[in-house]
Structures are given as structure tokens and as C-alpha cells.
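The structure appears right after this line, and notes come after that.
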Amino acid sequence: MVHNFNAGPSILPQEVLQQASEAILNFNNSGLSILEIGHRTPLFQDVLDEARSLVKEIMALNDTHEVLFLHGGASTQFMQVPYNLLNDGATAAYVDTGIWGVKAVKEAKLFGNVEVVASSKDQNYNYIPKGFEVPKDAAYIHITTNNTVEGTQYQQFPGWDVPLVADMSSDIFSRQLNFNQFDLIYAGAQKNMGPAGVNLLVVNTEILGKTNQQIPTLLDYRNHIKEGSMLNTPPVFAILVSMLTLRWIKKMGGLAAMEALNDQKAELFYNTLDALPIFNPVVAKEDRSKMNATFNIYNAEKEKLFLDVCKAEGLYGVKGHRSVGGFRVSMYNALPVSSVEVLCAVMRDFAEKHG
Ligand SMILES: *Cc1c(COP(=O)(O)O)cnc(C)c1O
């Protein structure tokens, strides 16, 4: 029995994997593989249409918001967002909450001025900054809703008076939010939605077309919208698996059900963590991520021992990101509560033997 706490690519529902494997051999009883049919055939068009409409439905998006499936992973959006939204000479506001946000800032600087309006770097990114001001003339504000590496997550969005852009790669579809308050959301699929190779983009069309720079065809969101997210050959298999995952989310009861499950797992895990003094919970309590929990061990010499024990018990992906060390357990939608129960039992047992 394995328990998959990988941060990304990461766990997907078993039934989705089963359906995806069937689609590779014989897609919808066509006698053909999903990998060997044209992307403009009705067979695939139906997949894309269903994927886009499931996103709209599950997120309860207004008609102002368009849904696209794009190439390039979330990192491409670090560049594509300012390309579409930031004029030379204009300013964009960024909140610096960790490694991914830093990369986003670096790319935006190629297009205009960047003002980092808040940062939690002063405390190793172990909290989410609050109560900061955003210049009224900023082209947009960019935040990272869940910090995959550091283990922090926004619990509230106070609302700023400029367009709100969010990197939601690692907590997309994990909880109920008013998604219409975001003007642009992007998420690489491989954390909570599907396999690597596709990027979900939700954009309020009202914020587009306001810059005057020339945008290469493939990078201009408006072209993708015009062509129904089929400007060129889309990553068909990654979109299919994402669509199957979206079907699974809907069948399970949508985001209300995902949130309830994720709350249950997070509560179980953090209660255990807080009860075991051998472990050090590094993140400020009110900003703890329900997707990626980071922690370490006070006695650093025991770190490797704990990882060995986890490995022996079939717990995968417990090692922290190479840039921060320690431990990280990712508890995405598809991770069963029982896996968290096993992890907690292993932690309690370890604390008893080595505490
Ligand atoms: C994983 C991740 C990224 C990078 O995604 P790629 O698809 O590898 O480019 C960006 N932002 C966040 C928050 C992530 O978790």
C-alpha cells in the first residue's frame, strides 16, 4: 500500500487513471486511441467543450470570464500575464510570498515596472502578508494563493481596487471561493487537476486589450479566446485527463465536497503535528496551507531517520523542497483521508521512539 504525498506531479483519483488508460487504447469505443485522433475531430472537440464548461460550472464563473487550456505550464504565465496586461512604463503590483512569486516578479520586470507591495521574505516566507496598500494606478496585483514550497496559503482576499491576478497552481479546485473576484487565474494542471503539460487559464475579458505592445500570436490571450482554446494543437491527453478529473470533482459534490475533505485532512494532520513536540511546525498557524504542509524536526540529526521510516511505511513524497529542506506533505483532492491517518500514526510512533 502506497500513500502519495508528492507535491507535483501528484496524486490523481484512481478511477480517473483507469479511464485515462482505457482512452489510450480505445477512446469512447471509436477503436482509436485518444493519442491518434485529430484535435479538430468531434471526438476531441467534445472533450475540450466539456472540460471548459465543467470549469465554468464548478467555479460558478460569470459570462465575463473565459476558460482556456494552454501550453507551457504555470511558469509560462509568469511572462504571458505581463505580456498581455502590462504596458512599458506602467506598474504592476506583486506580493512576494515565496519561490514562485519571485520567479513571477523576475519575468514581469521584462515588460514594465514592478512594485513588490508586500513580502514575507523577512521571516523565510512563513506567513502571508496582510494589510498592505496597492497603488491605485497599478495595472494589476499578482498573488500566489498557495505557496507550494513554503506551505502558506491565503485564507482571505480583502479585495484591492485593481485587477486581481492569481497563480492558483497548487490549490485550484480545493475550496469554495468567489472566483469572479479574480480577473485572471492560472494553474498548471499537475498539482490538483491532471497530468503535466497543460495550464488552466480563467480570464475576465474586460481586462484584455488595454496595452499597446505587439503580442506574438500564440501568446495573446485574445487569439486563444477567439479560436475557442484551439489556436494550435492543444495538449490533447492532458486536457482529457483534466476533464476526467473535473467530472470526478463534480460527481463527488463539487468544491463544497472537496473543501470538506481537505479541511478534514488538514485538521487531522495539523492536530497531530501540534501535539508532537519533536516536530517543528514552521508556518504561522493562521496561514497554514491545507494543500502543502511543511514542517521539520528539532533534532536535525533525526531528519534522515524520519524519511527512512516514511519510505519503509510506503509514504511517498515527504521530503521538503530542495530549496528549504525539512518535510512537506501534499494533501491534494485525490489523497484519501486514510493516507493522512497512516502518516499521523507513523509520526506518533516516531515521536514515541525518538522524542
Ligand atoms: C508548480 C508551480 C508552478 C510552476 O509550474 P510549472 O507548470 O512547472 O511551470 C508555479 N506556481 C506554483 C504556485 C506552483 O506550485
Side-chain angles (χ1 to χ4, degrees), residues 4-12 68-83 92 94-108 110 114 116 118-121 125-129 140-155 157 164-175 177 179 182 184-203 218-219 234-235 237-239 241-242 245 262 283 287-294 317 319-324 328-335:
N4 186 351
F5 294 94
N6 283 324
S10 40
I11 189 166
L12 289 169
L68 300 173
F69 286 91
L70 303 177
H71 292 274
S75 301
T76 300
Q77 294 309 313
F78 298 160
M79 162 269 289
Q80 202 167 350
V81 164
Y83 222 146
Y94 277 70
V95 183
D96 167 26
T97 50
I99 184 170
W100 294 117
V102 167
K103 288 179 199 255
V105 166
K106 177 169 174 252
E107 297 302 297
L110 298 171
V114 171
V116 176
S119 171
S120 49
K121 192 173 180 197
Y125 296 120
N126 72 357
Y127 70 102
I128 298 288
Y140 59 87
I141 175 172
H142 178 284
I143 61 171
T144 312
T145 54
N146 183 71
N147 295 280
T148 328
V149 172
E150 297 80 5
T152 60
Q153 185 177 29
Y154 282 75
Q155 310 302 340
F157 304 92
L164 175 55
V165 175
D167 178 355
M168 263 188 215
S169 293
S170 51
D171 65 352
I172 191 86
F173 301 123
S174 70
R175 55 179 168 170
L177 289 176
F179 293 98
F182 297 88
L184 193 150
I185 296 168
Y186 61 91
Q190 71 273 18
K191 309 283 170 36
N192 214 10
M193 186 176 81
V198 72
N199 203 11
L200 172 68
L201 192 106
V202 173
V203 61
L218 252 306
L219 296 181
F237 187 65
I239 293 174
V241 182
S242 300
T245 308
N262 291 329
V283 168
D287 300 324
R288 286 172 167 178
S289 169
K290 289 177 179 160
M291 293 285 97
N292 316 94
T294 50
K319 198 170 164 41
H321 188 268
R322 58 197 144 80
S323 67
V324 297
R328 168 177 58 178
V329 288
S330 299
M331 301 180 282
Y332 296 118
N333 288 346
L335 184 81

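In this text the structure is predicted, and so the values were computed from the model without any measurement. Counting starts at 1 for both ligands and their atoms, following the listed order. Side chains included, hydrogens not; waters and symmetry mates left out as well; all remaining heavy atoms used.
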From [atom1] ([X]) to [atom2] ([Y]), nearest 0.5 Å:
X      : Y      : atom1 : atom2 : answer
Lys121 : Thr97  : NZ    : OG1   : 13.0 Å
Thr144 : Lys103 : OG1   : NZ    : 12.0 Å
Asp167 : Thr148 : CG    : OG1   : 7.0 Å

Write out the residue and atom name of the closest protein heavy atom to [atom], then the distance separating them to 0.1 Å.
atom                    : value
atom 5 (O) of ligand 1  : Ala74 CB, 3.5 Å
atom 15 (O) of ligand 1 : Thr148 OG1, 2.4 Å
atom 11 (N) of ligand 1 : Asp167 OD2, 2.6 Å

Asn199 contact mode with ligand 1 (heavy-atom cut-off under 4.0 Å):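 No part of Asn199 comes within reach of ligand 1.
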
Proximity of Tyr186 to ligand 1 by residue part, where a heavy atom lies under 4.0 Å: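 Neither part.
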
Test of ring centre spacing under 6.0 Å for Tyr94 and Tyr140: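 Distance test on ring centres: under 6.0 Å, yes.
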
Closest to atom 1 (C) of ligand 1 (judged by heavy-atom distance), picking from Lys191, Met168, Gln190: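 The residue whose heavy atom sits nearest atom 1 (C) of ligand 1 is Lys191.
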
Per atom 9 (O) of ligand 1, closest listed option by heavy atom (Gly73, Pro9, Ser75, Ala7):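 The nearest heavy atom belongs to Ser75.
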
Distance-only donor-acceptor check, side chains Asp287 and Thr152, under 3.5 Å: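 Per modelled atom types, Asp287 and Thr152 side chains form no pair under 3.5 Å.
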
Modelled atom types, side-chain donor and acceptor of Tyr332 and Asn262, under 3.5 Å: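 Distance-only check fails for Tyr332 and Asn262.
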
Plane angle bin for Phe182 and Phe179 - parallel if under 30°, tilted between 30 and 60°, otherwise perpendicular: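 Answer is tilted, since the angle falls between 30° and 60°.
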
Numbered atoms of ligand 1 (with element) below 4.0 Å of Thr144, judged on heavy atoms: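 With Thr144 as reference, the close atoms of ligand 1 come out as 13 (C).
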
Close-contact set for ligand 1 against Phe78 heavy atoms, below 4.0 Å: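 Near Phe78, meaning under 4.0 Å from one of its heavy atoms, ligand 1 has 10 (C).
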
